Amino acid sequence: MSKIKAKTTYSKRKVYDHLSIEPKWQAKWDKEGVYQPDLDAANPSAGSRKGPSSLKNRKSEAGKKSKLFYNLMMFPYPSAEGLHVGSIFTFGGIDVYGRFKRMMGYDVFEPMGLDGFGIHSENHAIKTNDHPVDHAKRTEKNFYRQLHAIGNSYAWKNKVETYDPDYYRWTQWLFVQLFKSGLAYKKNSPVNFCPSCKTVLSDEQVIDGQCERCNSVVEKRDLEQWFFKITKYAEQLLSNIEGLDWSHKVKLAQKNWIGKKEGINITYQIANFQDTVTIFTTRPDTNYGATFIAIAPEHELVSKLLTGVVQIDHQIVEKIQVYIDKAKNKSEIERVAEGKEKSGVFTDLYAMNPFTGYQMPIWVSDFVLGGFGTGALVGVPGHDKRDFEFATKFELEIIRVVVGKDGDKGPITTIEQVQEEDGVMINSEFLDSMDIHKATEKMMDHIESKGYGKRVVTYHLRDWLISRQRYWGPPIPMIYCESCAKTGDSWFTTKEGKASKDDLSEMAGWYPEENLPVKLPYIKNFKPLGTGKAPLANHPEFYETTCPHCGGKAIRETDVSDTFLDSGWYFLRYLATDLKNIPFPMAKEKAAEFKNATKSEIESAEKRRAWLPVTSYIGGAEHSVLHLLYARFLTMALKDMGYVDFDEPFARFYAHGLIIKDGAKMSKSKGNIINPDDYIHKYGADTLRTYLLFLGPFNQGGDFRDSGIDGMSRFLKRVWKLFEDSEVTNSRLTDERLKMMHETIKGATEDMENLRFNTSIAKLMTYYNFLSKQIEIHREEVEVYLKLLAPFAPHMTEEMWSNLGNEFSIHTSSWPMFDEKYLKQENVTIAVQVNGKLRSTLTVSVKDGSDKELLEKMAREDVHVSKFLDGGVRKVILVPGKILNFVV
RNA sequence: GCCGAGGUGGUGGAAUGGCAGACACGAAGGUCUCAAAAACCUUUGGAGCUUAAACUCCGUGGGGGUUCGACUCCCCCUCUCGGCACCA
């Protein structure tokens with residue numbers, strides 16, 4: 001503690017006025033760059049880190065250099081209504097954590113930006129009859145104003161907006177790199193289409209088969225789409241999960257989404273035809289019970305039948321045609337709704353089961369998914385509920401091959417008898433009496449040795465559909481040349497392309513645009529067309545171009561890319577917002593490859609790698625799968641291209657909770673948005689952020705109500721008043737007061753470390769109650785208290801800190817360290833229990849040894865002694881008759 | 001259906017297996033005031049008992065178990081909330 005004369009007091013009787021204090025400090029922090037680390041420095045210190053309580057001091061205290069801490073939060077998409085209190089809760093909490101880490105001696109980089117591109121923002125613009133460009137300009141201003149007003153310690157010089165050409169230039173560059181690596185391809189694919197909104201929807205915008213916004217039933221349409229080959233990284237995405245410091249829940253969600261399944265593809269001969277059908281199964285053990293084959297409407301055998309490649313009765317062909325047409329028109333929701341009622345049509349073909357010789361009828365049914373496995377399955381109605389439903393509906397045979405726990409060996413006639421999970425084999429020749437899991441392995445070996453099939457691994461994960469037939473996104477920077485396509489030329493047949501990839505002949509005609517950005521033009525009619533083409537397709541001045549290869553006429557891609565691509569790499573750009581010619585930190589050899597990159601830019605790119613990967617990433621649990629998976633994929637791809645040297649972007653991810661209102665997520669459509677501006681005006685940002693964090697655990701959130709905010713306001717005012725009105729002395733603190741101080745420090749530090757802000761605040765309140773009962777306050781107590789409170793109430797504590805005569809910001813001072821010695825107790829209180837009831841307590845000295853005697857005496861009297869304490873003694877356990885344990 | 005997280009006063013919520021309900025809101029009573037607001041003080045899980053100090057019993061969704069001791073660990077049931085879902 002600094003040496004200040006006793007009885008120092010400061011500016012007495014000043015009333016706490018957040019309206020003047022908060023903007024004052026915000027302006028000062030900005031001006032002095034308190035939260036702006038020098039990204040290039042080997043030991044980057046924020047602007048005001050000098051002076052007595054500075055980092056220098058702390059460094060020497062700790063005896064080591066400060067460490068870099070990249071404190072990242074998921075950036076918001078700027079909506080017209082602005083921030084709501086839910087965002088104050090999440091951003092506030094993350095900022096509290098960042099401020100804590102800063103005081104702990106880390107160099108914290110805490111950037112902020114706006115995810116302004118995308119369907120959300122575009123829809124809003126459409127609804128309000130606004131243009132997305134104008135809309136973005138307005139909301140941006142409002143958002144940054146609000147983000148300033150809550151007093152978070154952002155590095156404002158490093159903000160990004162995804163719709164800024166300086167940003168999406170690199171989003172497009174990233175697309176080009178993926179294309180060149182063979183990770184981006186174009187193919188025909190069915191997509192979700194909302195007939196009412198006249199637009200395609202992303203999978204995540206389809207909820208239970210309905211459009212997220214208008215609840216119309218979503219249709220499927222076939223469109224030419226760009227995809228990213230994320231499936232190439234399925235295995236790495238899965239195996240890396242193990243080593244991530246993420247919550248179990250999020251890891252599991254990712255695992256499930258990737259959905260690795262190990263099974264086997266079995267090929268069956270079709271009777272009387274020179275053709276086969278291959279199915280995928282994870283349960284080949286049940287093959288002796290297989291009685292039919294079902295194939296998806298999209299299966300190639302179906303088209304063979306319809307086109308006559310495989311000839312069958314034309315009446316049946318017609319029936320199939322009718323069925324296929326019907327199935328295609330069925331929406332997702334209808335398919336699910338009708339889930340219980342199976343449908344299908346018989347092809348008049350049979351497949352031979354090589355084990356039983358059973359002639360399995362081949363059916364076409366829409367309960368078989370075209371995109372999973374081989375798009376065909378073998379039906380074992382005795383041991384799969386869906387197969388059972390199908391078999392009963394079409395009166396196919398049901399054969400039992402597994403006996404479950406119930407021991408039932410009789411025929412299977414009801415769905416309750418269908419045994420899926422475990423049991424023992426029966427009626428299966430060489431597999432009989434084997435456990436089904438063992439039988440599965442044995443059967444797979446057998447099938448492979450006989451050449452009937454081959455083990456395969458399938459994933460639930462599909463390639464990432466990146467195209468959007470929309471306006472408000474970065475144009476996909478690709479050029480298509482018709483004449484090159486005819487000759488089979490593409491970027492992959494050029495010198496550069498050949499060197500990197502082989503066999504991408506299906507990409508004939510495609511070349512990447514090297515001259516980036518491909519700017520999104522300001523067009524009046526930006527609304528989605530609903531024709532399967534993007535609005536830019538109506539603008540020849542945009543899409544007409546020349547072929548980079550042959551110089552002939554060529555056209556640009558008019559689709560834009562998915563907003564998840566924008567947000568998939570933003571954390572890299574934050575560190576390079578001032579580098580015009582290099583997208584993000586990378587080794588200087590790589591950085592030098594960029595055209596126009598200056599020497600200093602290359603050096604910066606090299607140095608700033610030290611900040612990566614992200615130290616701590618905090619965001620909504622709703623992004624546990626898609627966004628995080630995409631960011632991981634892009635990072636892995638960039639690593640393989642040599643641009644980054646790590647394959648996981650976020651060392652640690654923490655999912656915060658949500659502040660809801662009346663049981664529902666806040667949204668304008670529900671009319672339950674709480675605007676923080678009013679609260680900030682009335683109570684101040686300090687009160688609001690502390691109150692929200694006190695409302696509930698950070699990983700849970702809570703229901704917003706303002707009934708308690710007065711209490712928080714009262715608390716902060718009381719703290720202000722206590723320290724203003726009390727005599728501040730420098731005399732020696734009593735042991736009791738030292739103990740209280742150090743207990744609070746210890747508890748609060750642990751809470752902050754684990755992001756348990758609500759309990760941390762509660763401890764500060766308890767400590768306040770203790771201090772308020774004292775006649776005078778010691779300077780050390782004031783300083784410690786202000787520091788502990790500083791992350792929550794940065795403005796108020798800064799003001800008080802400065803009133804104490806400190807020259808430098810409290811936020812660059814050091815976090816109080818607790819001292820074990822004040823927590824130790826020489827006297828240990830022992831609880832005496834008789835028959836499990838607390839009888840009395842007695843105090844024994846741990847040191848003098850008499851305790852043991854005493855305990856032995858109590859033991860003889862059949863008394864249970866247990867406990868504690870916070871000093872050195874962890875636990876004392878005594879059971880009747882003997883001393884079991886005495887841990888010091 | 002599968003997976004995950006939960007169930008504690010009037011409310012939000014605290015409790016490394018060790019005195020359940022920290023802290024706060026609300027409520028009740030009081031001080032100040034002509035009055036109100038603000039501020040401050042006291043009480044506040046339920047039941048019983050006592051002149052009082054104090055004390056006793058019951059209590060963490062329900063039922064079992066492990067333990068000297070369980071909100072906490074294990075098993076079964078139940079309800080709520082999230083995620084995935086005709087994935088073979």
Side-chain angles (χ1 to χ4, degrees), chain A residues 208 247-253 255-257 259-261 263-264 279-284 286 290 293-294 296 332 335-342 365-369 371-380 383-387 389-390 420-421 458-462 621-622 624-625 657-658 660 663 691 694-697 699-700 702-712 714-715 717-718 721 747 750-751 756 758-769 772 829 831 833-838 841 862-870 874-881 884:
Chain A
D208 290 336
S247 77
H248 175 69
K249 195 187 159 126
V250 175
K251 286 196 201 176
L252 208 67
K255 241 181 230 175
N256 290 342
W257 187 264
K260 182 178 178 174
K261 284 234 166 79
I264 191 162
I279 60 92
F280 171 77
T281 181
T282 55
R283 292 291 307 277
T286 60
I293 297 280
E332 200 68 21
R335 274 175 79 142
V336 174
E338 293 171 7
K340 287 238 157 59
E341 189 66 20
K342 296 280 182 288
S365 175
D366 65 4
F367 89 93
V368 185
L369 301 173
F372 184 79
T374 59
L377 61 82
V378 59
V380 184
H383 305 289
D384 182 289
K385 291 197 166 142
R386 292 151 309 180
D387 294 353
E389 283 160 3
F390 191 81
E420 289 181 323
E421 294 307 318
T458 64
Y459 297 91
H460 169 249
L461 185 70
R462 304 293 151 82
E622 70 273 23
S624 342
V625 176
L658 290 176
I660 54 174
Y691 171 63
F694 184 61
L695 204 60
N699 59 2
Q700 278 174 46
D703 208 356
F704 182 81
R705 60 194 68 208
D706 57 13
S707 62
I709 196 168
D710 284 316
M712 186 54 70
R714 232 174 279 159
F715 165 66
K717 276 188 204 156
R718 277 195 285 235
K721 210 163 162 259
E750 277 168 12
D751 287 345
R756 291 194 308 243
N758 57 334
T759 51
S760 183
I761 295 165
K763 285 185 179 89
L764 288 177
M765 287 176 164
T766 309
Y767 191 27
Y768 165 82
N769 290 341
S772 68
T829 308
Q833 299 172 351
V834 177
N835 298 330
K837 306 282 181 201
L838 187 77
T841 58
D862 202 19
V863 166
H864 300 312
V865 181
S866 61
K867 252 181 139 162
F868 17 116
L869 270 185
D870 13 21
R874 288 281 166 264
K875 196 177 260 181
V876 180
I877 298 174
L878 204 68
V879 293
L884 263 193

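Please read all numbers here as calculations on a predicted model, not as lab measurements. To find a chain, count down the sequence lines: A is the first, B the second, and so on, and within it residues start at 1.
In this entry the base of G21(B) is anti relative to its sugar, with a glycosidic angle more than 90° from 0.
Comparing G13(B), A88(B), A22(B) by their closest approach to the side chain of P697(A) singles out G13(B). Taking only side-chain atoms of A762(A), from C-beta outward, the nucleotide of C84(B), A24(B), A22(B) with the closest atom is A22(B). Each of C86(B), A24(B), A15(B) was ranked by its minimum atom distance to the side chain of M765(A); first place goes to A24(B). Among G13(B), A88(B), A15(B), the nucleotide with an atom closest to any side-chain atom of F280(A) is A88(B). Here G4(B) is the nucleotide among G4(B), A88(B), C86(B) with the atom lying nearest to any side-chain atom of K249(A). When each of A5(B), C3(B), C86(B) is scored by its nearest atom to the side-chain atoms of N256(A), the top-ranked nucleotide is C3(B).
Contact annotation: N769(A) side-chain N/O to A22(B) OP1/OP2 distance is not under 4.0 Å. At least one side-chain nitrogen or oxygen of N758(A) sits closer than 4.0 Å to the OP1 or OP2 atom of A14(B). Applying the 4.0 Å criterion to OP1 and OP2 of C40(B), one finds that R718(A) has a side-chain N or O inside that range. Taking only side-chain nitrogens and oxygens, R714(A) comes nearer than 4.0 Å to OP1 or OP2 of A39(B). The phosphate of A88(B) (OP1 or OP2) has a side-chain N or O of K261(A) nearer than 4.0 angstrom.
For G18(B) and G82(B), the P atoms lie 32 Å apart once the distance is rounded to whole Å. Straight-line distance between the C1' atoms of C49(B) and C23(B): roughly 31 Å, to the nearest whole Å. Comparing the same atom, P, in A70(B) and in A20(B) gives a spacing of 11 Å after rounding to whole Å. Separating the C1' atom of U60(B) from that of U8(B) is a span of 4 Å, rounded to the nearest Å. Here the separation of G61(B) from U11(B), taken at their P atoms, is 14 Å to the nearest Å. Rounded to whole Å, the separation between the P atoms of U16(B) and G7(B) comes to 14 Å. Comparing A54(B) with U44(B), their P atoms are spaced 12 Å from each other, to the whole Å. Going from the C1' atom of U66(B) to that of C75(B) covers 11 Å, rounded to whole Å.
C57(B) is paired with G46(B) under the Watson-Crick or G-U wobble criterion, all donor-acceptor distances under 3.5 Å. Under the Watson-Crick or G-U wobble criterion, with both distances below 3.5 Å, G6(B) is paired with C79(B). Nucleotide U67(B) forms no Watson-Crick or G-U wobble pair with any nucleotide shown, as no partner meets the under 3.5 Å limit on both distances. Figure legend. U31(B) is base-paired to A39(B); pairs are counted as Watson-Crick or G-U wobble with both atom distances under 3.5 Å. Across every strand in view, C86(B) sits unpaired, with no contact that passes the Watson-Crick or G-U test at under 3.5 angstrom.
Figure legend: K342(A) and F367(A) shown as a cation-pi pair, the cationic atom lying under 6.0 angstrom from the six-membered ring centre and within 45 degrees of its axis.
Taking every heavy atom of both residues into account, M765(A) and F715(A) meet most closely at CG-CE1, 3.7 Å. Minimum interatomic distance between N758(A) and F694(A) (heavy atoms only, all atoms of both residues): O-CD1, 3.7 Å. Between G708(A) and Y691(A), the shortest heavy-atom distance links the atoms C-CE1, 3.4 Å.
Put simply, the side chain of K385(A) and the base of C86(B) share no donor and acceptor less than 3.5 Å apart.
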Q: Go through the steps for R283(A) and V380(A) under the test side-chain contact (heavy atoms from CB on, under 4.5 Å), then give the verdict.
A: CA-CA 9 Å; R283(A) 292 291 307 277; V380(A) 184; over 6 Å; no
Q: Decide side-chain contact (heavy atoms from CB on, under 4.5 Å) for D387(A) and L377(A); before the verdict, give the C-alpha distance in whole Å, the side-chain angles of both, and the deciding distance to 0.1 Å.
A: CA-CA 10 Å; D387(A) 294 353; L377(A) 61 82; 3.9 Å; yes
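With RNA chain B read from its 5' end, the first of the two nearest nucleotides for G371(A) and L695(A) is the one closest to L695(A). Each of D751(A) and G373(A) was assigned the nucleotide of RNA chain B with the nearest heavy atom; the assignment lying further toward the 5' end belongs to D751(A).
One atom, CG of D384(A), and another, P of G1(B), lie 16 Å apart when rounded to the nearest Å. Going from atom CG of L252(A) over to atom C1' of G4(B) covers 7 Å, rounded to whole Å. Across the protein-nucleic acid pair, W257(A) atom CH2 and G4(B) atom P stand 18 Å apart, rounded to whole Å. The interatomic distance linking Y459(A) (OH) with A88(B) (P) rounds to 15 Å, in whole Å. Rounding to whole angstrom units, OH of residue Y691(A) and P of C23(B) are separated by 18 Å. Put simply, CD1 on I264(A) is 15 Å from P on A88(B), counting in whole angstrom units. Between the P atom of A39(B) and the NZ atom of K721(A) lies a distance of 10 Å, rounded to the nearest Å. Here the P atom of nucleotide G10(B) and the CZ atom of R705(A) are 15 Å apart, to the nearest Å.
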